[in-house]
K.L.:
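Quick one: this structure, given as structure tokens, is what I'll be asking you about.
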Amino acid sequence: MGLFSNFSFLKRSASEPAPAPEPLPEVEITPVAVAPAAEPVAPAVEPVVPVPAEPIVPTPVEPAPAATNSQARTQAEEIVQSVAAELPNFIAVAIVDSVSGYILAGQWVGDRSGEAAAAVANAEIVRQVRQATDALQLVPAEEVRDILITLRQQLHLLQVLPQHSWLLYLAIRTEDTNLALARTVLRRHAS
Amino acid sequence: MAYSTSTPAGQAVQNILNELPGALAVAIVDISSGMTLASHTNSTINPETAAAYNTEVVKQKHKAMQALRLQDEAIEDILITLTNQLHLIKLVGDGKKFIYLVVNSRDTNLAIAREVLRSQNDLLK
């Protein structure tokens with residue numbers, strides 16, 4: 001354990017696997033497999049030297065098996081709709097499973113061909129940031145709350161939703177909103 | 001103190017520390033190698049370790065942007081909000097380097113931290 005032990009939501013998902021993220025399709029689902037889910041992601045001994053990130057090829061993901069978690073999907077859908085209503089000028093709003101990179105719900109304007117790959121890459125960013133905070137052995141332990149990426153004309157926000165191990169992803173043009181506003185809206189869904 | 005003020009990177013670290021004396025860690029990082037050009041820490045944070053990991057974060061975001069085929073776009077900065085800390089990665093020098101800054105979120109807000117980093121942009125071109 002150790003590595004992720006400071007992430008309380010992972011602990012929680014270990015004890016009550018009910019709202020846990022949708023498992024990867026290739027993983028055999030057994031009750032036992034859910035509990036230590038954090039471990040395979042994290043090497044037990046994290047060397048201080050950077051691990052060259054595994055080449056995460058952002059291959060387009062197939063949609064998660066629809067039957068598995070329709071309740072979670074409905075909930076994700078509701079969050080997306082609520083954010084979209086509050087920030088109507090968005091480019092993309094999506095709920096992404098932070099483990100698999102699956103898009104559970106999302107709305108886009110315009111071309112959406114790259115969205116699945118981008119979702120995987122964004123989930124990977126969060127995973128990498130967690131690895132970094134672990135490697136730094138911050139005292140007291142720190143949890144990732146959100147990650148903001150400022151581009152020239154866009155803001156990309158990744159808000160961790162600890163209650164589900166989901167990410168709420170928002171892309172919006174900087175001319176249409178400001179960071180403080182976007183963050184306020186997203187944070188409302190994180191508690 | 002892992003910097004010399006005779007280099008632009010070392011000078012930038014010094015300038016940032018002058019303006020934010022309470023900064024927990026500062027580093028100027030070369031993205032192609034992930035290594036620090038200059039760094040300083042006022043905490044247990046090892047700037048070399050942080051630099052190496054954060055370089056991967058930057059690369060990963062570039063992948064996400066490629067997937068979205070975002071043209072005419074570039075990363076300006078990446079902000080990571082932790083429970084009590086802000087970690088800020090500001091790309092400089094045509095995206096070949098970044099400034100990495102860790103502050104306590106109670107002491108320094110994002111706007112201040114960003115402004116301080118922005119003022120070092122010219123020095124690191």
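Lettering of chains follows the sequences in order, A, B, ..., and the numbering in each one begins at 1. Fair warning: this is a prediction, and the values are worked out from it, not measured in the lab. Hydrogens, waters and symmetry mates are skipped; everything else that's a heavy atom, side chains included, is used.
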K.L.:
Most heavy-atom pairs under 4.5 angstrom with chain A, which of B:Ile45, B:Ile78, B:Ile80, B:Asp77?
P.N.:
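Option with the top pair count is B:Asp77.
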K.L.:
Please give me the minimum heavy-atom distance between A:Ala118 and B:Ala64, naming the atom from each residue.
P.N.:
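Closest approach of A:Ala118 to B:Ala64, heavy atoms only: CB-O, 4.0 Å.
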K.L.:
Applying side-chain contact (heavy atoms from CB on, under 4.5 Å) to A:Leu151 and B:Met65, what does each step give before you reach the verdict?
P.N.:
CA-CA 10 Å; A:Leu151 308 182; B:Met65 288 166 64; 3.7 Å; yes
K.L.:
If we ignore hydrogens and angles and just use 3.5 Å, is the side chain of B:Glu73 paired with the main-chain N or O of A:Gln153 as donor and acceptor?
P.N.:
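Yes.
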K.L.:
Out of curiosity, A:Ile91 CD1 to B:Leu68 CG, how far, rounded to the nearest 0.5 Å?
P.N.:
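A:Ile91 atom CD1 to B:Leu68 atom CG measures 9.5 Å (nearest 0.5 Å).
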K.L.:
In terms of heavy-atom pairs under 4.5 Å, which option from B:Asn54, B:Leu24, B:Asp72, B:Leu79 contacts chain A the most?
P.N.:
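Between B:Asn54, B:Leu24, B:Asp72, B:Leu79, the count favours B:Leu79.
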K.L.:
Taking CG in B:Asn18 as the centre, count heavy atoms belonging to other residues, nucleotides or ligands within less than 6.0 Å. Is the count above 12?
P.N.:
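Above 12, so yes.
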K.L.:
Find the distance between CD1 (B:Ile75) and CD (A:Gln154) and round it off to the nearest 0.5 Å.
P.N.:
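CD of A:Gln154 is found 12.0 Å from CD1 of B:Ile75.
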K.L.:
Quick check: do A:Thr150 and B:Arg114 have side-chain heavy atoms less than 4.5 Å from each other?
P.N.:
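Yes. Closest side-chain heavy atoms under 4.5 Å.
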K.L.:
If only atom types and distance count, is the side chain of B:Thr49 paired as donor or acceptor with the main-chain N or O of A:Leu136 below 3.5 Å?
P.N.:
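Not a single qualifying donor-acceptor pair exists.
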K.L.:
Using the side-chain contact (heavy atoms from CB on, under 4.5 Å) rule, take B:Asn84 and A:Glu142 through it: C-alpha gap first, then chi angles, then the decisive distance, then the call.
P.N.:
CA-CA 7 Å; B:Asn84 302 299; A:Glu142 298 268 339; 3.2 Å; yes
K.L.:
Per the side-chain hydrogen bond (donor to acceptor under 3.5 Å, both in side chains) rule, which among A:Glu124, A:His156, A:Gln128 passes with B:Lys61?
P.N.:
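So the option named by the test is A:His156.
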K.L.:
How long is the straight-line distance from CG of A:Leu138 back to NE2 of B:His87, given to the nearest 0.5 Å?
P.N.:
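Between B:His87 NE2 and A:Leu138 CG, I get 5.5 Å after rounding to 0.5 Å.
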K.L.:
Can you tell me how far apart CZ (A:Arg145) and OG1 (B:Thr81) are? Round to the nearest 0.5 Å.
P.N.:
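The CZ atom of A:Arg145 sits 8.5 Å away from the OG1 atom of B:Thr81.
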K.L.:
At what distance, to the nearest 0.5 angstrom, does CZ of A:Arg183 lie from CG of B:Leu110?
P.N.:
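Between A:Arg183 CZ and B:Leu110 CG, I get 6.0 Å after rounding to 0.5 Å.
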K.L.:
Which of the residues A:Leu179, A:Leu158, A:Val126, A:Val129 is involved in the greatest number of heavy-atom pairs with chain B at under 4.5 angstrom?
P.N.:
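Heavy-atom pairs under 4.5 Å are most numerous for A:Val129.
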K.L.:
For B:Leu70, is it the side chain, the backbone, both or neither that has a heavy atom under 4.5 Å from a heavy atom of chain A?
P.N.:
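Side chain only.
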K.L.:
Which one wins on heavy-atom pair count under 4.5 Å against chain A: B:Gln85, B:Gln66, B:Lys59?
P.N.:
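Among B:Gln85, B:Gln66, B:Lys59, the one with the most close pairs to chain A is B:Gln85.
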K.L.:
At what distance, to the nearest 0.5 angstrom, does CD of A:Glu143 lie from OG1 of B:Thr83?
P.N.:
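Reported value, rounded in 0.5 Å steps: 5.0 Å.
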K.L.:
List for me each residue that meets side-chain contact (heavy atoms from CB on, under 4.5 Å) alongside B:Ser33, sequence neighbours excluded, and say none if there are none.
P.N.:
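B:Ser33 satisfies side-chain contact (heavy atoms from CB on, under 4.5 Å) with B:Asp30, B:Met35 once adjacent residues are dropped.
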